[in-house]
K.L.:
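First, the structure itself, so that you have it in front of you.
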Amino acid sequence: MTALINRFQGIWIPLVTPFHGQDNRLDLEAVKKLVIHLINQGIDGLIVGATTGESATLTHAEHNELLKVVLDTVKDQVPVMVGISGSDTVEVAKNIKHYSNHFEISGFLMSAPAYVRPSQQGIIHHFEAAAAATDLPIAIYNIPYRTGVNIELATLQHLSRNPQFVAVKESGNGDISQLNDQISHTSLNILSGEDSIIFVCSCLGGQGAISAAAHIRPDLYKKMHELIGEGNLVKARQINDALQPFIHLLFSEPNPAPVKAALSIMGLIQDNVRLPMTVASPELKAKLDVALAKILAFNID
Ligand SMILES: O=C(O)C1=N[C@H](C(=O)O)C[C@H](O)C1
């Protein structure tokens, strides 16, 4: 477990799922191309089937197929975790067991049950049932604006007594004081899941980010995080200042449509999403086109 805690830091990418054709089939060639591109850019890890991967519209068979292709392409160069969401504890534990038994993965990124709004005690039982179904590490994903429930500090402290829980991906509505408490008062690695405050999270002592925006120039996010660790805030802020307008555009329409549009401008994937997601608007694509050229050309030495 210690090995993954050490590895579960830096800049991780919740991989978009490329689709193609009129019927939005999985585009496995684009998956390979994108994964190789991201590894060459120095990413620290990948999540398959997170929110950004449109896991809500992937079938179980597709999720398996996608994971297999990603693992075959990655060839152990970076750790790969599986995104797990779901509101039925028994079903979630079953899925965790399945992926643990059938794939050489490094662990799971698991969110609280969505829509049902359980108590904190219910959240604890949910995560404990998942942990009991595997020997692999689990990173806890707190994203109240999607799930409808916040995972409170005391709940994280309780879960952290089990060494299988190694990290938190915190997207708590940009609540800096909650983020600070998690960093200061838990033993878990805390990674930002809120792209606009990655700089802040690293400054507070967080261990990095799981970021959709970092599909584009992950090297800059990595450099920014490293510079903060070295205490070079002036240079880190120059990168943050360059990234902020682009991050703002990427979240001006529902994720992952904008980042998919940007990746398609780069020629890495087709600009396809599955309903109910819709592709980025023409107005946004025009803005992305300009901003992308700028961010691709940005250099810091
Ligand atoms: O899928 C993820 O992981 C992320 N999801 C967030 C979202 O729900 O939109 C954004 C974050 O960058 C990563």
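Just follow the structure's listing: the first ligand is 1, and inside any ligand the first atom is 1.
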K.L.:
Does Trp12 come within less than 4.0 angstrom of ligand 1, counting non-hydrogen atoms of the residue?
P.N.:
no
K.L.:
I need the atoms of ligand 1 closer than 4.0 Å to a non-hydrogen atom of Arg146, numbered in the order shown.
P.N.:
7 (C), 8 (O), 9 (O)
K.L.:
Closest non-hydrogen protein atom to atom 10 (C) of ligand 1, residue and atom name please, with distance?
P.N.:
Asn255 ND2, 3.7 Å
K.L.:
Looking at side-chain heavy atoms only, is the closest gap between Phe8 and Ser106 below 4.5 Å?
P.N.:
no
K.L.:
Give the atom numbers and elements of ligand 1 that come within less than 4.0 Å of a heavy atom of Ser211.
P.N.:
12 (O)
K.L.:
Report, in ascending order of atom number, the atoms of ligand 1 lying under 4.0 Å from any heavy atom of Ile143.
P.N.:
8 (O)
K.L.:
Show which atoms of ligand 1 fall inside a sub-4.0 Å distance from at least one heavy-atom site of Ala212.
P.N.:
11 (C), 12 (O), 13 (C)
K.L.:
Just jot down the ligand 1 atoms closer than 4.0 angstrom to any heavy atom of Ala50, in number order.
P.N.:
1 (O), 2 (C), 3 (O)
K.L.:
Which ligand 1 atoms does Asp195 reach within 4.0 Å, using its non-hydrogen atoms?
P.N.:
11 (C), 12 (O)
K.L.:
Is it true that atom CZ of Arg274 has more than 12 heavy atoms of other residues, nucleotides or ligands lying nearer than 6.0 Å?
P.N.:
yes
K.L.:
Give a yes/no verdict on a cation-pi contact between Arg217 and Phe298, requiring under 6.0 Å between NZ or CZ and the six-membered ring centre and an angle within 45° of the axis.
P.N.:
no
K.L.:
Around atom 5 (N) of ligand 1, find the nearest protein heavy atom and jot down its residue, atom name and distance.
P.N.:
Tyr141 OH, 3.2 Å
K.L.:
Atoms of ligand 1 less than 4.0 Å from Tyr145 heavy atoms?
P.N.:
7 (C), 8 (O), 9 (O)
K.L.:
Between Lys68 and Asp72, does the salt bridge (charged side-chain N to carboxylate O under 4.0 Å, His left out) criterion hold? Intermediate values first, please.
P.N.:
CA-CA 6 Å; Lys68 185 177 179 324; Asp72 287 349; 2.8 Å; yes
K.L.:
Would you mind listing which atoms of ligand 1 come within a distance below 4.0 Å of any non-hydrogen atom of Gly193?
P.N.:
11 (C)
K.L.:
Give me the ring orientation class for His98 and Phe103: parallel if the planes are under 30° apart, tilted from 30 to 60°, perpendicular past 60°.
P.N.:
perpendicular
K.L.:
Going only through I, L, V, M, F, W and Y residues with side-chain contacts under 4.5 Å, is there a path from Val279 to Leu268?
P.N.:
no
K.L.:
Would you mind checking which non-hydrogen protein atom is closest to atom 4 (C) of ligand 1, with the distance to 0.1 Å?
P.N.:
Lys169 NZ, 2.9 Å
K.L.:
So Glu54 and Thr17, side chain to side chain donor-acceptor pair (under 3.5 Å) or not? Walk me through it.
P.N.:
CA-CA 7 Å; Glu54 294 172 81; Thr17 303; 5.9 Å; no
K.L.:
Closer than 4.0 angstrom, basic N to acidic O: yes or no for Lys32 and Glu29?
P.N.:
yes
